2 protein chains.
Amino acid sequence: MDQVTIFSEYVRRKGLKNTSQRMTILEAFLGSKSHFSTEDLYFELRKDHPKIGYATVHRTLKLFAECGIASELDFGDGQTRFEPLDVNQHHDHLVCTHCGLIVEFTEPQIEKLQEQVAAQHNFKIERHRHELYGLCSNCAKQS
Amino acid sequence: MDQVTIFSEYVRRKGLKNTSQRMTILEAFLGSKSHFSTEDLYFELRKDHPKIGYATVHRTLKLFAECGIASELDFGDGQTRFEPLDVNQHHDHLVCTHCGLIVEFTEPQIEKLQEQVAAQHNFKIERHRHELYGLCSNCAKQS
DNA sequence: AGCTTTCTGAATGTCATTTTCAATTTCTAG
DNA sequence: CTAGAAATTGAAAATGACATTCAGAAAGCT
């Protein structure tokens, strides 16, 4: 089931409405580079759709997160970022504190160890956040 | 070297001043339960020291983080939390999304795998964030 | 003790996010 | 097809955590 379908069904199930703005934002969202902020997407959209308001972009991104096709990221810089979420493929992030570069990584062994930790504490994990902050190879060279 | 000494030396080295407010806040900080917000500590302090202002608590906690005796935590609820930091002993967190319980954990194998991931991407890690969100054993029972 | 520098605390500013509200659009039911 | 209830939109204003300003107070060097 693709992301458009997931969203459409979510909208129907919740008694919400299918508007042209939402569809426009969904397209832009799916076509966008990952790790963008609401503001990023808003300005991207303004090029072709200058009438769509910031609040609508914001509310729609929240909807995407609610229905599971987007993931909200917080790298501690005061801006929430979003990325399209593929249910089957989880990943975490390396964040360069100098140039802002974001690299994704997956490490199944870490995921497994996490589950063990949770089990030891009788926790039922819903989600996790794992981010490594530092200098990317480029920035490490320069300094 | 204990935390009071670390802070005092930091203050001296930077040409800052040793004020009674800072000492009061440091005491409260060291005696406090962990994972508190600026607001938490501010209200705690007001009981015995009603004249200390919010801004002073805020600035002083930032100072603690700067000199390495405090760590800033962000569990994504819009509030920065602090905890006294023991340099030798790093830990990560389990956070109950239902009751807010925070449990600390350490897992050296995860730390090691992290370093491998960073090395693969030529990243030089400065710090990381690893949090597991879910239901604690109590809350899992109830629901 | 004098004097320069830093600090304090109340108030105000900042900034991302969220909410409000009147006008508009969607879509269900007749 | 159409009326009307309900949701949506977008501009503007509100919110809330954090950060800064500034005049008076305190620290601590000489």
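Naming: A, B, ... by sequence-line order, numbering from 1 per chain. Note that this is a predicted model, so its numbers are computed, not measured.
Contacts of Thr80(B) with the nucleic acid, taken as non-hydrogen atoms under 4.0 Å apart, involve only primed sugar atoms and P, OP1 or OP2. Residue Lys62(A) is in sugar-phosphate contact alone, with no base atom involved, counting any heavy-atom pair closer than 4.0 Å across all strands shown. Residue Glu39(A) is classed as having no contact, given no heavy-atom separation below 4.0 Å to the nucleic acid. Using a 4.0 Å heavy-atom criterion, one finds that Arg59(A) contacts the bases of the nucleic acid, with or without backbone contacts as well.
Counting only heavy atoms from C-beta on, Gln21(B) has its side chain closest to dT8(C) among dT8(C), dA10(C), dC18(D).
Between His130(B) and His128(A), the angle of the ring planes goes over 60°, which puts this pair in the perpendicular group of the 30/60° scheme.
With rounding to whole Å, Ile52(A) atom CD1 is found 9 Å from dT9(D) atom P. The separation between Phe43(A) atom CZ and dA16(C) atom P is 10 Å, rounded to whole Å. When rounded to the nearest whole Å, the span between OH of Tyr42(B) and P of dA17(D) equals 14 Å. dG24(D) atom C1' lies 14 Å from atom NZ of Lys51(B), rounded to whole Å. Between the NE2 atom of His58(A) and the P atom of dA14(D) there is a distance of 18 Å, rounded to whole Å. If you measure from atom NE2 of His49(A) to atom C1' of dT8(D), you get 18 Å, rounded to the nearest angstrom. Distance, Tyr54(B) OH to dG16(D) P: 13 Å, rounded to whole Å. Taking atom CG on Asp74(B) and atom P on dA17(D), their separation rounds to 13 Å, with Å as the unit.
Nearest-nucleotide positions on DNA chain D for Leu16(B) and Asn18(A) put Asn18(A) closer to the 5' end.
With contacts defined as side-chain heavy-atom distances shorter than 4.5 Å, the pair Thr60(B)/Phe29(B) does not qualify.
Regarding contacts with the backbone of dA26(D), every side-chain N or O of Thr19(B) stays at 4.0 angstrom or more from both OP1 and OP2.
Atom-to-atom distance recorded for Glu126(A):CD and His98(B):NE2 is 10.0 Å, nearest 0.5 angstrom.
In the displayed structure, Lys51(B) atom NZ is contacted under 6.0 Å by at most 12 heavy atoms of other residues, nucleotides or ligands. Atom CD of Glu9(B) sits in a crowded spot, with more than 12 heavy atoms from other residues, nucleotides or ligands closer than 6.0 Å.
Between the side chains of His35(A) and Glu104(A), at least one donor N or O lies within less than 3.5 Å of an accepting N or O.
Note: the hydrophobic cluster containing Leu135(B) does not contain Val95(B) (ILVMFWY, side chain heavy atoms under 4.5 Å, direct or indirect links).
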Are there any protein N/O atoms within less than 3.5 Å of an N/O atom in nucleotides 1-5 of chain C, and if so, which ones and at what distance?
residue	atom	partner	partner atom	Å
dT5(C)	O2	Lys17(B)	NZ	2.1

